[in-house]
Amino acid sequence: MIFLPRAGIFKTMKDEAYMGLCLEEAVEAFESDEVPVGAIVVSPEGRILSRAHNETIGRNSPLAHAEISAIERACNALGNYRLTGCRLFVTKEPCIMCAGAIIAARLSQVIFGCPDDKRGALGSASDVNSLPSNHKVLVVGNVMADQARSLLQEFFRARRDTEVVITGPTRNRLYA
């Protein structure tokens, strides 16, 4: 284990391996024309409880973020709505909806790839941990951030070219 004094937490050497699995999920989302974000939940013993990627368009649901799906599947795997001691790995810093679910599920730690300066809710744009709550989650960012960021940039770069041509209600249906 490596102690990260600034964050005050321990980071195992396996964090990169777990993030590699998240990146595989993100690629699957990318190939399905979903925003490429992948997530996994790991038990305190290091067992992978669930894997997921964004499916908001495919499932026609704003709730189908990778983190929410991974949390729900892990809860089902354990038969418990609390994921005490479990860790969530995700390629991009969670949004406020996902950060709320992380707190509600009582995850112990979140390890994310790249920060999200526009919507990140674990320290970048806002910080759910700073709200009054009876649970705080340990946060580690920038694990394989370059790979996660590159995948997101490639995805949005390809779509920017089409947005010039497709506008209005049609664009909203295609890129909701």
Side-chain angles (χ1 to χ4, degrees), residues 1-27 29 35-54 56 62-75 77-78 80-153 155:
M1 296 186 122
I2 299 169
F3 183 64
L4 302 174
R6 218 175 105 143
I9 52 113
F10 286 92
K11 174 181 176 260
T12 66
M13 294 305 290
K14 287 189 174 186
D15 287 358
E16 287 78 12
Y18 291 131
M19 190 60 71
L21 296 175
C22 290
L23 287 165
E24 288 176 12
E25 287 291 328
V27 167
V35 176
V37 176
I40 65 170
V41 175
V42 178
S43 75
E45 302 77 35
R47 184 171 56 101
I48 296 170
L49 298 174
S50 63
R51 295 175 62 145
H53 57 270
N54 275 358
T56 54
L63 305 176
H65 286 200
E67 301 94 321
I68 300 290
S69 296
I71 289 168
E72 185 174 34
R73 291 172 187 167
C75 289
L78 290 179
N80 193 334
Y81 70 103
R82 295 287 167 95
L83 298 174
T84 307
C86 295
R87 301 187 305 154
L88 173 78
F89 288 80
V90 60
T91 54
K92 183 176 69 68
E93 181 182 359
C95 70
I96 196 160
M97 174 182 72
C98 294
I102 288 162
I103 299 296
R106 302 295 194 266
L107 283 153
S108 296
Q109 187 177 26
V110 172
I111 299 92
F112 66 82
C114 62
D116 183 347
D117 295 333
K118 293 181 183 175
R119 294 177 192 87
L122 290 175
S124 293
S126 62
D127 188 3
V128 169
N129 262 336
S130 68
L131 298 173
S133 173
N134 60 347
H135 181 73
K136 304 293 181 196
V137 63
L138 296 173
V139 177
V140 175
N142 293 305
V143 175
M144 299 179 71
D146 292 340
Q147 294 92 321
R149 185 180 300 107
S150 293
L151 192 57
L152 285 161
Q153 288 172 339
F155 179 82

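Values below: all heavy atoms of this structure, side chains included; hydrogens, waters and symmetry mates excluded. Just so you know, residue 1 is the first one in the sequence shown, and it goes up from there.
Taking CD from Gln147 and SG from Cys114, the interatomic distance works out to 10.5 Å, rounded to the nearest 0.5 Å. With rounding to the nearest 0.5 angstrom, the SG atom of Cys75 is 9.5 Å from the CZ atom of Arg82. To the nearest 0.5 Å, atoms CD (Glu67) and CG (Leu88) are separated by 6.5 Å. Here the CG atom belonging to Leu49 is positioned 12.0 Å from the CD1 atom belonging to Ile71, to the nearest 0.5 angstrom.
Around the CD1 atom of Ile96, the shell of radius 6.0 Å holds no more than 12 heavy atoms that belong to other residues, nucleotides or ligands. Other residues, nucleotides and ligands contribute more than 12 heavy atoms inside 6.0 Å of the CZ atom of Arg149. Crowding of Glu72 atom CD: a count of heavy atoms from other residues, nucleotides or ligands under 6.0 Å not exceeding 12.
Not one N or O on the side chain of Arg119 forms a donor-acceptor pair closer than 3.5 Å with the backbone of Asp116. Ser130 contributes a side-chain N or O that, together with a main-chain N or O of Asp127, makes up a donor-acceptor pair within less than 3.5 Å. Although no hydrogens or angles enter the test, the distance criterion places a donor-acceptor pair under 3.5 Å between the side chain of Asn129 and the main chain of Val137. Judged by distance alone, with hydrogens and angles left aside, the side-chain atoms of Glu93 form a donor-acceptor pair with the main-chain N or O of Leu122 at under 3.5 Å. The main-chain N or O of Gly85 is found under 3.5 Å from a side-chain atom of Ser108 such that the two form a donor-acceptor pair.
Pairing each heavy atom of Ala70 with each of Ser50, the nearest pair is O-OG, 2.6 Å. When all heavy atoms are compared, the tightest approach of Ala148 to Gly113 is CB-CA, 4.4 Å. Closest non-hydrogen pair, Leu63 versus Met97, comes out as CD2-SD, 3.5 Å. The minimum heavy-atom distance linking Leu23 with Leu151 is given by the pair O-CD2, 4.4 Å. Nearest heavy-atom pair across Ala121 and Ala99 is CB-CB, 3.9 Å. Residues Cys98 and His65 share a closest heavy-atom pair of SG-ND1, 3.4 Å.
Salt-bridge formation is detected for the pair Glu24/Arg51: a Lys NZ or Arg NE/NH1/NH2 atom is positioned less than 4.0 Å from an Asp or Glu carboxylate oxygen.
Val41 places a side-chain heavy atom less than 4.5 Å from the side chain of Leu107. Annotation: side chain of Arg87 is in contact with side chain of Asp15 (closest heavy-atom distance under 4.5 Å). Val110 is not listed as a side-chain neighbour of Leu138, based on a closest heavy-atom distance of 4.5 Å or more. Within the 4.5 Å cutoff, no side-chain heavy atoms of Ile111 are placed close to those of Val139. Counting heavy atoms from C-beta outward, Pro36 and Leu152 have side chains that approach closer than 4.5 Å. You'll find the side chain of Val42 reaches within 4.5 Å of the side chain of Phe89, heavy atoms only. Looking only at side-chain heavy atoms (C-beta outward), Phe112 and Thr91 stay at 4.5 Å or farther from each other. A 4.5 Å side-chain heavy-atom check between Cys86 and Pro44 finds at least one atom pair inside the cut-off.
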Walk me through it: do Arg106 and Asn134 pass the test side-chain contact (heavy atoms from CB on, under 4.5 Å)?
-> CA-CA 10 Å; Arg106 302 295 194 266; Asn134 60 347; 3.4 Å; yes
